[in-house]
Amino acid sequence: MQPTNVKNMSVVAQIKQVTAKAITALYAIDIDDAAILVNTTKPEFEGDYTVVLFAFVKQLKKSPDALGQELGDYLVANNPTLLTAYNVIKGFLNLSITDSYWLNFTNTNFNNEHFGKAAPNSKRVMVEYSSPNTNKPLHLGHLRNNFLGWSIAEILKANGYDIVKTCIVNDRGIHICKSMIAWQLFANGATPESTGMKGDHFVGDYYVKFNDAYKLEIEQLIASGVTKDQAEKDAPIMKAAQQMLIDWEAGKPDVMQLWQTMNTWVYAGFNTTYNSIGSDFDKTYYESNTYLLGKDLVEQGLEKQVFFQKEDSSVWIDLTADGLDEKIVRRKDGTSVYITQDIGLAEQKQKEFNADQSIYVVGDEQNYHFKVLKLICQKLGLPSADGIFHLSYGMVELPTGKMKSREGTVVDADDLVAEMINISQQKTEELGKVKDFSNDELLSLYNTIGLGALKFFLLRVDPKKKMVFNPEESIDFHGFTGPFIQYTHARIKSILRKMEQEVSSFKFQVSSIDSDSPLLPLEKSLAITLELFPTVIGEAATEHDPSKVAIYIFNVAKTFNSFYTEHSIANAESEEKKLLRLQLSQLSAQVLKTGMQLLGIGVPERM
RNA sequence: GACUCGGUAGCUCAGCUGGAUAGAGCUACAGCCUUCUAAGCUGUAGGUCAUUGGUUCGAAUCCAAUCCGGGUCACCA
């Protein structure tokens, strides 16, 4: 925090600063701002913010009470624009902020569309997310990944970073070959066009068909007296898939042709899904192009003696000193393993984009992998190494437990999105508030609400934690949900539309407020809540946690709704009050809009 | 087994750089639409913060052990 520009400092930061100064002035002791604990005051006590004094009691050899009195006196006397009163209860120094401070705050920010956002800081961050396999369509787990990736990118942008969004498509490997084999065997030349299916679902079906056929062959083999292990190896369809992978790596023309055709189908399907959920990428990497990367780095690693070779000529790194294992980086046959291409890709990204940080949005089952990846890159001395950050997120489970493709409990992304949009249509029609909307407007509204509900549901919990997706609860549009916030925004916009006269002619300038009508509790708590926005955006970025934003804007919406129910804006007690409330309303709408935008969620003008 | 993450209200989750009587939403119950959108607001009910011990002025938060659950420990990705 730069103490030079007081105007841009949060209230809490200012309190810390003046408290540190006060302690220095009173007791000739240097105190770091960060050492001072400031909380919001509990509602049952008088005051807005509380300085916790216990930490200094011992050092200053004062009783909490005496210290509180002295500090309080000094603070209020020396900061008349910020503080108006104090009281001390036990070791807590409760401070009251002046009304004029809050009036000034709303006055200077209500018309600022960038409120909460930081200026560009000339640092670049790459965010890799989504990273699908091309053998099946996206599911609920991918949605969490996509929403997180998009949101963290937006949050970092709001903190001034230059963002490059990337996607690595896993378009090669045995799983793709399985779909290809099954298509050859069972499709009779069918295509997405001929069947009217979305390409990714079409290909995914053949992946399922492969597994069905494979299972059947295993059963037959076992019935003929073969052991299970042997049957799994011997099943003809599996052998065919493995052969196809070899042919693919050899570049056999007909295999390449089929591979390209089927991937094209899948990409068409993915693009539809990405469009509907709002995912986009500045750069897409394909594993078929990157899987050979990193080979030269293995050589370099051997030269630098970061890696070592075993008798069978396979290449390893010893990470036991770092509490991990030995890890292979090149097979004895000279082919590279997964982590090798990741090292290579990290280097490639660095060359291409030269980012200060590289965030990988990947599930927590790969925690170990990314720990290893970062370590190896560091030991190799790659310039990108220290910037590697694994944004690890927990699995999405159903109330019945984990999603299992074998049991058909996987929630398909397209289905889910469609269902959410459907439900938002039903609810909207039931309420009948937008009967004058055109068809296009209606469709766009259903989309905004349906996706808003879904995205908010998946983003409102800490990414690191696994979460339960309850279909019934997630489609609830009340309480801690996206639609609740969208609704609050629409409400505010409705008021602003109705009071356009005031909005345009007075521009809401409130220069003073009469002493007869100080800030009412709900007015003040709304201002206090709004003032937190820049701090929250900063925290969400440093902790890579969009849920911080979700929880915060829910709070803003709740606080606004209480304020709105209690106080009339159009028929306020005085002109000053009316303008103040208009300012608070406009700033609330602004914060809700920006906050939702950071989550990738739109807010309607009406709903 | 080793490593790792978690266990907070009936359910889903906040709170965890130690601070006042642990908070939301959902559910249940009771109220509030002649006044700016009731997808709203207000209230009631709901807790041994997994257990035990420790650290200290103070522990849901830090430490240790135990119990329970997830993940990882592939020449898969």
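The sequence lines fix the lettering, A, B, ..., with proteins before strands; numbering per chain opens at 1.
Across all strands, T428(A) comes closer than 4.0 Å to base atoms (heavy-atom distances). Residue contacts shown for D342(A) are absent, as no nucleic acid heavy atom lies under 4.0 Å away. Heavy atoms of T50(A) sit under 4.0 angstrom from at least one base atom. Note on L324(A): nothing from the nucleic acid sits closer than 4.0 angstrom, heavy atoms only.
With respect to K493(A) and E605(A), a salt bridge is recorded, a charged nitrogen being found less than 4.0 Å from a carboxylate O.
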request  = Show the numbers, then the answer: is there a ring-ring contact (aromatic ring centres under 6.0 Å, His included) between Y291(A) and W248(A)?
outcome  = CA-CA 13 Å; Y291(A) 80 110; W248(A) 183 90; 5.6 Å; yes
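Residue S562(A) has a polar side-chain atom (N or O) positioned under 4.0 Å from OP1 or OP2 of U42(B). Phosphate contact (OP1/OP2 of C57(B), side-chain N/O of K58(A), threshold under 4.0 Å): present.
Counting non-hydrogen atoms of other residues, nucleotides and ligands closer than 6.0 Å to NZ of K332(A) gives a total of 12 or fewer.
Sequence neighbours left out, the pairs with a member in residues 37-54 of chain A that pass salt bridge (Lys or Arg N to Asp or Glu O under 4.0 Å) are D48(A)-K524(A). Pairs of residues two or more places apart, or lying in two chains, that qualify as side-chain hydrogen bond (donor to acceptor under 3.5 Å, both in side chains) and include a residue from residues 452-469 of chain A are R460(A)-E473(A). Within the structure, ring-ring contact (aromatic ring centres under 6.0 Å, His included) pairs that include any residue of residues 480-501 of chain A comprise F456(A)-F480(A), F480(A)-F554(A), F484(A)-F554(A) (at least two apart or interchain).
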note = For RNA chain B, the dot-bracket notation using Watson-Crick and G-U wobble pairs below 3.5 Å, [ ] for pseudoknot-type crossings and | for other-strand pairs, is ((((((((.[[[[.)...(...]]]].(((((.......))))).....[[[[[..)....]]]]])))))))....
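Judged purely by distance below 3.5 Å, without hydrogens or angles, the side chains of D342(A) and H369(A) pair a donor atom with an acceptor atom.
For E365(A), the salt bridge (charged side-chain N to carboxylate O under 4.0 Å, His left out) criterion is met by no residue, not counting sequence neighbours. Applying the side-chain hydrogen bond (donor to acceptor under 3.5 Å, both in side chains) test to K578(A) and every residue at least two apart in sequence or in another chain returns E502(A). R330(A) is linked by a salt bridge (charged side-chain N to carboxylate O under 4.0 Å, His left out) to E299(A), counting only residues two or more places apart in sequence or in another chain. Every residue meeting the ring-ring contact (aromatic ring centres under 6.0 Å, His included) condition with H544(A), not counting sequence neighbours, appears here in chain and number order: F389(A).
Each of L445(A) and G323(A) lies near RNA chain B, and the nucleotide nearest G323(A) is the one positioned closer to the 5' end. Residue K464(A) is the one, among K464(A) and F477(A), whose nearest nucleotide of RNA chain B lies closer to the 5' end (criterion: closest heavy atom).
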Below 3.5 Å is the cut-off: list the nitrogen or oxygen pairs between protein and nucleotides 35-37 of chain B, distance only.
residue	atom	partner	partner atom	Å
C36(B)	O3'	K498(A)	NZ	3.1
C36(B)	O2	I569(A)	N	3.4
C36(B)	O2	A570(A)	N	3.1
C36(B)	N3	I569(A)	N	3.0
C36(B)	N4	Y564(A)	O	2.5
C36(B)	N4	H567(A)	O	2.6
U37(B)	OP1	S494(A)	OG	2.6
U37(B)	OP2	S494(A)	OG	3.1
U37(B)	OP2	K498(A)	NZ	2.4
U37(B)	O2'	Y487(A)	OH	2.2
U37(B)	O2'	R491(A)	NE	3.1
U37(B)	O2	K433(A)	NZ	2.8
U37(B)	N3	M607(A)	O	3.0
U37(B)	O4	M607(A)	N	3.2

Pairwise N/O distances under 3.5 Å, protein to nucleotides 58-61 of chain B:
none

Check nucleotides 7-13 of chain B against the protein and report each pair of N or O atoms closer than 3.5 Å, with its distance, or say if there are none.
residue	atom	partner	partner atom	Å
C13(B)	OP1	V468(A)	N	2.6

Measure all distances between protein nitrogen or oxygen atoms and nitrogen or oxygen atoms of nucleotides 75-77 of chain B, and list the pairs falling under 3.5 Å.
residue	atom	partner	partner atom	Å
C75(B)	O3'	R331(A)	NE	3.4
C75(B)	N4	D312(A)	OD2	3.2
C76(B)	OP2	R331(A)	NE	2.9
C76(B)	OP2	R331(A)	NH2	2.4
C76(B)	O5'	R331(A)	NH2	3.4
A77(B)	OP2	Y338(A)	N	3.1
A77(B)	O3'	E287(A)	OE1	3.3
A77(B)	O3'	E287(A)	OE2	3.2
A77(B)	O2'	N170(A)	ND2	3.2

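If you check distances only, the side chain of T41(A) never reaches the base of A20(B) with a donor-acceptor pair under 3.5 Å. For a distance-only test at 3.5 Å, the side chain of D325(A) fails to qualify as a donor-acceptor partner of the base of A74(B).
Of the residues E576(A), E566(A), E523(A), the one that meets the salt bridge (Lys or Arg N to Asp or Glu O under 4.0 Å) test with R581(A) is E523(A).
In this structure, S151(A) contributes its side chain and L598(A) its backbone to a donor-acceptor pair below 3.5 Å.
Between V468(A) and P399(A), some side-chain heavy-atom pair lies under the 4.5 Å cut-off.
Stacking between F45(A) and A20(B) is shown: the ring centroid lies under 5.5 Å from the centre of the six-membered base ring, and the planes differ by under 30°.
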